[in-house]
Amino acid sequence: EAVEICKLRLFLKLAAQVEPDSTHKNFGIEPLPDIDFNIRAGNTLVGYATAEEVRKCMTQFGDGQMRLGVDDELNSYSRFVEKVEQAAEAFVLFRRMQTEGRMESSDFAAAKMQLRERLANLEAQLNRYLATDYGIEVDEASVGNPKSAFRMWLRSHQPFHWFVEFFGILTAGGFDVVIGNPPYVEYSKVRSDYTLPAHYTTLPCGNIYTCIVERSFALAERIGRIGLIVPLSLVCTSRTEELREVIYGYASWISSYDMRPSSLFEGVAQRLSILIGQKQERNESPLFTGGYRRWSAEERPVLIPLTQYVRHEVRFPKAPVPKLGAAIEGRVLPKISAPSLEVYSRDNGPVMYIHRIVRYFVKALDFVPVFRDGRGKTGKSDDYKEFHFVPSEQPQIAALLSSTLFYWFWRSHSDGFHCGYNDVLRLPFRPVQDADCRKALARLLAKLMKELRDTSALKKIKTKAGKITYQEFHPGATKPILDDIDAVLAEHYGFAEEELDFIVNYDIKYRLGRDAGEEE
């Protein structure tokens with residue numbers, strides 16, 4: 001259906017370019033071109049895309065074992081390519097017939113039918129090879145039986161062989177540009193309908209959009225570009241390590257976008273990234289990031305033009321890609337480089353409570369927030385996660401986790417919503433050695449905790465389990481204290497004045513906006 005709509009919109013666009021002239025036949029509008037062979041439908045991920053894939057399918061099984069005794073394997077591939085080349089020549093002739101416009105309609109229809117038959121025969125041949133790799137037995141009876149396993153496999157998988165459908169483009173090196181908005185679908189949800197070939201290195205990521213990114217690079221020519229809108233998980237989750245490994249083989253520009261106040265797709269609340277990639281003739285694969293953007297609806301026309309990119313000199317396959325968007329961020333990040341907080345984590349000792357959801361402020365508390373469940377029993381909300389650190393360092397760690405410095409680090413390395421154990425424990429931590437700085441941080445932490453308590457309020461909400469009472473905090477009111485904490489940390493890390501200014505004012509438009517300070 002999408003393909004048919006695409007054709008219709010193209011025809012309407014073509015017709016709109018012509019000024020109607022009632023003195024001419026058909027108002028001066030020439031016959032529209034036949035684009036059935038230019039726009040195709042099929043499963044992007046199932047089928048043979050390149051000459052190498054077709055060669056392997058005719059000489060090897062899916063597990064890599066050699067096919068033996070099947071139609072003289074040494075010559076089957078070359079004969080197949082000859083047939084594809086003949087179909088490609090027929091397509092060129094068919095296109096010439098359209099542009100010259102001197103052909104009788106009956107001859108034109110006959111040429112189109114012949115081209116369709118050539119392509120269908122080639123497709124059928126590849127389908128048989130592919131079905132064999134899926135463990136499907138193929139013979140003449142199964143081909144003709146609509147209820148056979150082979151025919152059912154065809155209906156469920158809808159294989160699309162790029163090598164045949166776009167032979168001229170693929171043999172010339174690939175597409176100049178590949179663009180799209182791939183489906184964000186967990187593989188587990190479609191696996192009962194169709195399974196993907198094991199050759200995708202991104203299959204362990206668990207979402208089919210990662211395989212489409214991988215295939216897009218495979219379809220692009222040697223210096224071709226791709227442009228895809230993908231979930232934020234591309235840069236911020238451990239499960240997409242394999243996808244990042246693929247991307248790091250090419251030049252890449254990745255800009256990321258929050259979903260509040262506005263989202264890339266109006267009415268769709270999802271955090272997304274725009275990936276622009278380019279194959280390289282030389283062994284260069286630079287990585288650039290364009291920040292993690294928030295914006296209001298009225299800013300949409302200038303959102304992309306105002307995106308700034310920062311070049312990364314290192315790769316992060318097993319860690320999140322820092323979503324930096326300004327050169328100053330690239331100077332701050334190395335200054336806080338140190339072993340992660342995980343080194344200072346313990347199984348017991350003094351407890352710190354950190355709220356698992358962050359919007360504009362991280363709530364890191366050294367006391368248990370008030371919480372009473374539906375039966376009136378006092379306890380701890382599951383929304384607060386417990387952390388234990390080396391007792392001697394815990395006051396400094398608590399101050400750091402409350403700071404805007406950590407808020408910036410968290411936003412640039414996380415999904416911008418959850419603050420889980422990994423998000424906290426990956427924070428670099430260098431113990432504060434200066435006695436005056438340690439005292440200042442301890443004093444500011446005590447002041448911060450008191451301010452949070454004093455400005456909090458008890459709220460009640462109705463749930464299925466009954467009425468819950470919880471302590472709601474207004475951290476926006478504590479921003480002056482946080483600024484003082486960041487000033488002490490800036491001295492500790494050796495920040496320049498402009499770097500401290502950047503941290504203090506990071507995301508301030510939204511942090512101190514209309515809903516700043518509300519419980520998150």
Side-chain angles (χ1 to χ4, degrees), residues 201-202 205 209-210 213-214 216-217 220 223-258 271-294 303-341 404-416 422-423 425-430 493-496 498-499 502-503 506-507:
T201 61
T202 57
C205 297
Y209 89 82
T210 63
V213 174
E214 181 180 351
S216 296
F217 276 112
I223 55 172
R225 292 180 181 267
I226 73 164
L228 301 171
I229 301 177
V230 298
L232 187 69
S233 61
L234 163 67
V235 291
C236 69
T237 65
S238 59
R239 67 182 299 204
T240 54
E241 290 176 7
E242 291 82 0
L243 177 58
R244 288 195 286 274
E245 289 280 12
V246 169
I247 290 172
Y248 293 155
Y250 309 99
S252 302
W253 293 259
I254 306 173
S255 53
S256 300
Y257 304 85
D258 208 334
R271 297 168 177 85
L272 300 170
S273 293
I274 296 179
L275 166 65
I276 299 173
Q278 183 179 24
K279 287 188 171 181
Q280 302 288 287
E281 287 189 310
R282 297 184 301 277
N283 255 341
E284 293 183 5
S285 53
L287 170 67
F288 300 85
T289 55
Y292 188 21
R293 312 284 295 284
R294 294 192 206 264
L303 180 64
I304 303 301
L306 292 181
T307 300
Q308 299 179 35
Y309 287 91
V310 174
R311 178 166 180 157
H312 292 265
E313 300 301 331
V314 295
R315 300 293 183 266
F316 316 89
K318 297 186 181 301
V321 178
K323 299 181 287 295
L324 310 183
I328 196 169
E329 294 180 272
R331 297 194 296 271
V332 169
L333 190 57
K335 288 189 174 182
I336 67 172
S337 177
S340 71
L341 265 181
T404 302
L405 178 61
F406 174 59
Y407 175 76
W408 162 76
F409 181 87
W410 167 81
R411 259 188 70 79
S412 62
H413 288 73
S414 74
D415 66 2
N422 289 336
D423 297 305
L425 297 179
R426 73 163 58 99
L427 173 68
F429 176 67
R430 185 188 313 158
Y493 288 112
F495 290 170
E498 64 174 359
E499 293 164 351
F502 167 78
I503 292 297
Y506 177 74
D507 204 31

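Sequence positions, counted from 1, serve as the residue numbers for this chain.
At a cut-off of 3.5 Å, with distance as the only test, a side-chain donor of E214 or T201 sits close to an acceptor on the other residue.
The backbone N or O of I503 sits nowhere less than 3.5 Å from a side-chain atom of T404 that would complete a donor-acceptor pair. Judged by distance alone, the side chain of S337 and the main-chain N or O of L333 form no donor-acceptor pair under 3.5 Å. For the pair K335 (side chain) and F495 (backbone), a donor-acceptor distance under 3.5 Å is absent. Proximity of a side-chain donor or acceptor of K279 to a complementary backbone N or O of I223 within less than 3.5 Å is not detected. Between the R239 side chain and the C205 main chain, a donor and an acceptor come within less than 3.5 Å of each other.
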Stepwise side-chain contact (heavy atoms from CB on, under 4.5 Å) test for Y257 and I229: CA-CA 10 Å; Y257 304 85; I229 301 177; over 6 Å; no
Stepwise side-chain contact (heavy atoms from CB on, under 4.5 Å) test for R225 and W253: CA-CA 11 Å; R225 292 180 181 267; W253 293 259; 4.2 Å; yes
Steps toward side-chain contact (heavy atoms from CB on, under 4.5 Å) verdict (R411, Y506): CA-CA 10 Å; R411 259 188 70 79; Y506 177 74; 3.3 Å; yes
Evaluation steps, side-chain contact (heavy atoms from CB on, under 4.5 Å), between R294 and D507: CA-CA 9 Å; R294 294 192 206 264; D507 204 31; 2.9 Å; yes
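Within the model, atoms NE2 of H312 and OG1 of T289 stand 3.0 Å from one another, a figure rounded to the nearest 0.5 Å. Note that CH2 of W410 and CG of L427 are 13.5 Å apart. Values are rounded to the nearest 0.5 Å. From L287, atom CG reaches atom OH of Y248 across 5.5 Å, with rounding to the nearest 0.5 Å. Atom CD1 of residue I247 and atom CD1 of residue I226 lie 7.0 Å apart, to the nearest 0.5 angstrom. For the atom pair OG (S340) and CZ (F429), the distance works out to 11.5 Å, reported to the nearest 0.5 Å.
Annotation: salt bridge (Lys or Arg N to Asp or Glu O under 4.0 Å) contacts of R293 (sequence neighbours excluded): none. Every residue two or more places apart in sequence or in another chain that forms a salt bridge (Lys or Arg N to Asp or Glu O under 4.0 Å) with R271 is listed here: D258. Qualifying side chain to side chain donor-acceptor pair (under 3.5 Å) partners for E498, counting only residues two or more places apart in sequence or in other chains: R331. Partners of D415 under the salt bridge (Lys or Arg N to Asp or Glu O under 4.0 Å) rule, at least two apart in sequence or in another chain, do not exist in this structure. The side-chain contact (heavy atoms from CB on, under 4.5 Å) search around P339 returns V343, not counting sequence neighbours. In terms of the salt bridge (Lys or Arg N to Asp or Glu O under 4.0 Å) criterion, residue partners of R426 (sequence neighbours excluded) are, by chain and number, D423.
Closest approach of S238 and R244 over heavy atoms only: CA-NH2, 4.1 Å. Closest non-hydrogen pair, Y309 versus I254, comes out as CE2-N, 4.0 Å. Looking at every heavy atom in both residues, Q278 comes nearest to Y250 through O-CB, 3.4 Å. Counting all heavy atoms, side chain and backbone alike, L243 lies closest to L234 at CD2-CD1, 3.4 Å. Listed here is the closest heavy atom pair of T237 and T240: O-OG1, 3.0 Å. W408 approaches E329 most closely through the heavy-atom pair NE1-OE2, 2.7 Å.
For the pair V213 and L275, the minimum side-chain heavy-atom distance is below 4.5 Å. Residues I274 and I304 have side chains in contact (heavy-atom distance under 4.5 Å, counting atoms from C-beta outward).
Of the residues listed (P322, S273, S414, S256), the one engaging Y292 in a side chain to side chain contact (heavy atoms under 4.5 Å, CB included) is S256, and it is the only one.
Annotation for Q280: atom CD counts as buried by contact number, over 12 foreign heavy atoms lying within 6.0 Å.
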